[in-house]
Structure formats: structure tokens, C-alpha cells
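Before any comments, here is the structure.
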Amino acid sequence: MNPVHLELKNVSRAVFRRVNKTRVKTQILSSLDLIVQRGELVTIMGPSGSGKTTLLRLINRLAEADSGSIMLNGKDIKEYDPFELRRKVGMVFQIPVVFRGSVNENLAVGMKLWGYENDIYALARDCVIPLELLNADAEQLSVGEKQRVCIARALANQPEVLLLDEPTSALDAASAEKIETLLLNLRKEKGLTMVWITHDREQAKRTGGKRYFLRNGRLEEDHE
Amino acid sequence: MNELIALALTVILVMLAAAYARRFGIGKEISLSGTRSIVQILILASIILVLFKLPLYWSLIVLLTMVAIAGHTTYTRSGKLDKVFPAAIFSIASASLLMLVPFFLFGIFPLEPQYLIPTGSILIGNTMNVSSLAIDRYRGEIKNRRNEVEAYLALGAGPKVAASACLKQGILSALIPSIDNMKNLGLVWIPGVMTGMLLAGASPFTAASIQIAIFTSIFAADLMASNLLLHYSTSSFFTGAAQLREDLE
């Protein structure tokens with residue numbers, strides 16, 4: 001068995017939601033545990049508002065857990081420099097956000113930040129981005145193309161873990177299938193550890209990874 | 001007699017504006033601001049009468065008080081974010097005082113309270129307006145572009161990189177009125193200093209020269225103050241772990 005890569009212990013998190021102009025505290029994650037081995041892919045399913053996105057944001061440290069600990073390579077994520085942590089733990093959002101500029105410039109963000117020497121062409125090929133799109137305005141791309149750019153941009157950081165927040169839910173069926181295939185191939189080729197949020201049980205089954213259901217703030221393994 | 005007519009006219013205009021603005025839900029704010037401005041300017045006139053006869057350091061105290069009040073106004077406009085108050089005071093003070101110095105250093109005006117206070121107040125007031133606009137827009141941009149800012153953060157970018165597009169937009173939006181004013185200077189409007197000097201009997205050329213010097217100084221101070229303010233207040237929108245604050249209203 002591969003070593004533990006990512007471990008969440010007793011993680012709890014409440015959020016404030018605005019209901020009729022008053023802020024209501026809602027406990028969305030409650031003493032949640034999760035262990036992910038190096039190179040493993042796990043999928044997490046659950047209804048809207050169940051805390052799936054929040055869970056990923058805690059791992060990437062875009063938000064802070066109220067209690068509990070999150071360990072990466074056996075080290076509490078709070079002991080990492082937050083920028084270095086986010087380099088190691090890449091995240092792809094549900095709605096793809098491209099930055100102003102060309103596709104090329106988007107893919108080069110990681111290089112600028114971290115001083116890596118990445119082969120943009122190889123990166124584009126890996127993520128099935130046609131080379132003729134490299135100089136195109138990223139904001140003019142289709143949603144599916146934008147999502148591929150976002151995946152490539154995250155991979156340019158050479159992450160160990162990739163957090164995927166419903167990466168195909170904003171796409172049409174054909175684009176969704178392409179992105180799904182792309183991600184599964186990337187995992188195989190690069191041995192990435194992946195935490196994949198999806199609301200589609202069939203997709204979760206297709207990934208072949210361990211499946212969890214987020215219910216009442218905790219993860220339950222889905223054996224169906 | 002003329003002064004009383006001018007004051008009466010002002011009161012009537014404030015009342016009419018407030019009554020009209022009520023339909024937009026800002027009637028109370030307009031009537032309060034209008035009343036405040038009338039009272040404040042009358043108090044200021046009385047103080048200036050005294051100040052003109054006092055030693056120069058009193059004028060500096062007055063200017064610093066103006067800076068503090070201006071800083072607080074901008075701070076309020078930011079949604080009272082941490083660190084914005086000192087950042088606003090620093091940016092308004094440094095930009096406006098830096099642009100004030102050449103007027104007295106090169107002898108454009110004699111170093112006397114009656115020149116120092118009005119010129120200083122013009123610069124402070126304008127930098128306050130632009131700083132308030134800039135921080136308000138910056139906050140709005142960060143809030144509206146949360147996804148973009150967080151996409152940068154998720155790649156390991158720091159707050160300054162993540163918010164840079166919002167910062168640019170904040171400064172640009174705040175400076176649009178100043179840029180438009182500069183473009184239309186003399187075409188659409190005759191600015192205050194020039195009007196005052198002309199009314200006081202100065203030659204149009206002298207009035208125009210002084211006006212353009214003040215105008216460019218105002219623009220430079222606006223640019224500097226808004227840059228400094230947004231630069232130093234960026235960290236207020238983020239936590240120590242470079243997370244975008246969730247309580248941005």
C-alpha cells in the first residue's frame with residue numbers, strides 16, 4: 001500500500017449563511033476524517049450545500065478549519081508556507097476562471113510565480129489544448145476549453161495533489177467526457193493524488209477510485 | 001447683504017436636492033451632508049479669520065487635523081477595514097503635503113497662513129475624494145472578482161498578485177473624474193481657484209497659470225495617494241494565511 005499522502009482528522013467547519021438579512025451559523029463539516037494514499041483518486045459526492053467545496057478549500061487552505069487537523073505528507077498544513085502548500089496542492093474550480101491575457105500567459109502564471117521552466121507546448125498537448133489556441137484570448141474560449149486551460153495552469157505548478165471541484169459540471173456532455181478522460185489520463189501518467197468532487201455517481205464509478213458520500217458533515221464510503 | 005443672500009440660496013438648494021433625492025433613498029444623507037457642509041464652512045471661515053493672525057505652526061496643525069479627518073472619511077468608505085485608517089492618513093498626508101511644498105519652495109505663494117491653508121485644503125480634500133473612490137471601488141472589485149482572486153491564490157500567488165487587476169481598476173475608476181476634468185479644463189468649466197482669482201480682480205493669465213499649477217498638483221497627489229492607499233491596504237482584505245476574508249461586505 002502506498003504511504004498516506006493526505007489525512008484529515010476530526011475536521012469541523014461552520015459557515016455563516018445569510019437568511020432574511022440575518023447571518024445563520026450552519027455546521028457543514030463535523031468531525032470529518034479522510035485518508036488518501038499517494039497516487040490514489042477518491043471521489044466525494046453529496047447534495048448541493050453539503051460542504052464538498054468547503055472541504056477542498058480547507059485542504060488548499062483557501063479557508064480555515066474551525067477544528068481538527070489536515071496533514072500533507074504527515075505534516076500539518078498550517079506548518080507549510082501557505083503559498084508553497086497551494087503549489088503542492090493544486091485546485092481546479094467548478095466554474096473555470098481564466099485570467100486576462102492569452103492562453104499562453106495563463107499557462108505561464110505558475111512559471112512566473114515559482115520560476116519553473118515548463119514546456120508550455122508539452123503542457124498544452126497533455127491537456128489537449130490545440131497549439132493554435134496558445135495565442136488566443138483566454139476569455140474568448142468555450143467553457144470546456146477554459147477548463148482545460150485551468151487544469152493545465154494548475155499542472156504547470158507541478159502539484160502533488162489535485163483537488164477537483166466538480167470540474168465537468170459546468171460543461172456539456174461531450175466536453176465533460178473529454179475533461180474526464182483527460183483527468184484520468186493525467187492521473188495515470190503523472191501519478192497524481194486526486195480528490196474529485198462530483199454530484200454524478202456514474203462519473204464517480206467511472207473514475208475507479210474510492211467513493212465517499214458527504215452526509216451530515218461526515219464522509220461515508222459508498223459501496224454501491 | 002450679498003453673503004446672506006448666498007447663504008439663503010444654499011439652504012434652499014440643499015432642501016430641494018434632499019427632497020428630490022428622497023426618491024432614490026438618499027434624501028437623509030443629502031440633507032445631513034448639506035447641513036454639515038454649511039455649518040462646517042461657516043465655522044471654518046471664523047477659524048480662518050483667527051488663524052490668519054496666528055503663527056504659522058497653527059496652520060500646520062490645522063492641515064494635519066484636516067488630514068486626520070480626511071483619513072477617517074476614507075477609512076469609513078473602506079468598510080472600516082483594519083489598517084486602512086493609518087494607510088489613508090499616511091497616503092493623503094504624504095501625497096498632498098509633498099505636492100504642497102513646491103508652491104512655497106519656489107515662491108509661487110508666500111509662506112503665510114492665508115495661502116498655506118487654502119492650498120493645502122484643496123489638495124487634502126481632493127486626495128480624500130479620490131482615495132475614498134479608489135478604496136470603495138477596490139473593495140467592490142475584490143468582492144465581485146472573488147473567484148478570480150481565489151484562482152490566483154490557489155496557484156500560490158500572494159495577495160498583491162491576486163488583487164492586482166482589482167487594484168488597477170480601483171485606481172483607474174477613481175481617477176476618471178480627475179482625468180475628465182483635466183481634459184475639459186477651460187472648455188466645459190472654469191475651475192475654482194481661477195474663478196476666485198478672476199472675481200478678486202487678478203489677470204486671466206495669472207489666474208490660469210496658478211490654476212494649472214494647482215490642477216496638475218492635485219492630479220499628481222490623487223494618483224500618488226490612491227496608489228499608496230490601495231498598495232498598503234491590500235493586506236486588509238486577506239488573512240495572515242493569504243486567504244481572502246469571508247466577511248467582506
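Below, each value reflects all heavy atoms present in this structure, side chains not excepted, and no hydrogens, waters or symmetry copies. Here is the naming used below: chain letters follow the sequence lines, and residue numbers restart at 1 for every chain.
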Any ion pair linking A:Asp126 and A:Lys190 (charged N to carboxylate O, less than 4.0 Å)? yes

Note: vs chain B, highest number of non-hydrogen pairs under 4.5 angstrom among A:Lys88, A:Arg61, A:Arg87, A:Met91 is A:Arg61

By a 4.5 Å heavy-atom criterion (distance strictly below it), what part of A:Glu64 contacts chain B: side chain, backbone, both, or neither? both

Honestly, the part of A:Arg153 sitting under 4.5 Å from a heavy atom of chain B is both

Does this structure show an ion pair linking A:Glu79 with A:Lys75, if we count only N-O contacts that are shorter than 4.0 Å? no

Please look at B:Arg145 and chain A and tell me whether the side chain, the backbone, both or neither of the residue comes under 4.5 angstrom of a heavy atom of that chain. side chain

Chain B contacts, top residue of A:Leu62, A:Asn60, A:Asn157 (heavy-atom pairs, under 4.5 Å): A:Leu62

I'd like to know which of B:Ala165, B:Ala157, B:Ala154 tops the heavy-atom pair count under 4.5 Å against chain A. B:Ala154

Heavy-atom distance under 4.5 Å to chain B: side chain of A:Leu113, backbone, both or neither? side chain

Between A:Lys78 and A:Asp76, does any NZ, NE, NH1 or NH2 come within less than 4.0 Å of an OD or OE carboxylate oxygen? no

Option among B:Arg139, B:Lys143, B:Arg137 that satisfies the salt bridge (Lys or Arg N to Asp or Glu O under 4.0 Å) test with B:Glu141: B:Arg137

Tell me every residue that passes salt bridge (charged side-chain N to carboxylate O under 4.0 Å, His left out) with B:Lys183, counting only those two or more places apart in sequence or in another chain. B:Asp180

Aromatic ring pairing A:Phe99/B:Tyr152, orientation class (parallel under 30°, perpendicular over 60°, tilted between): parallel

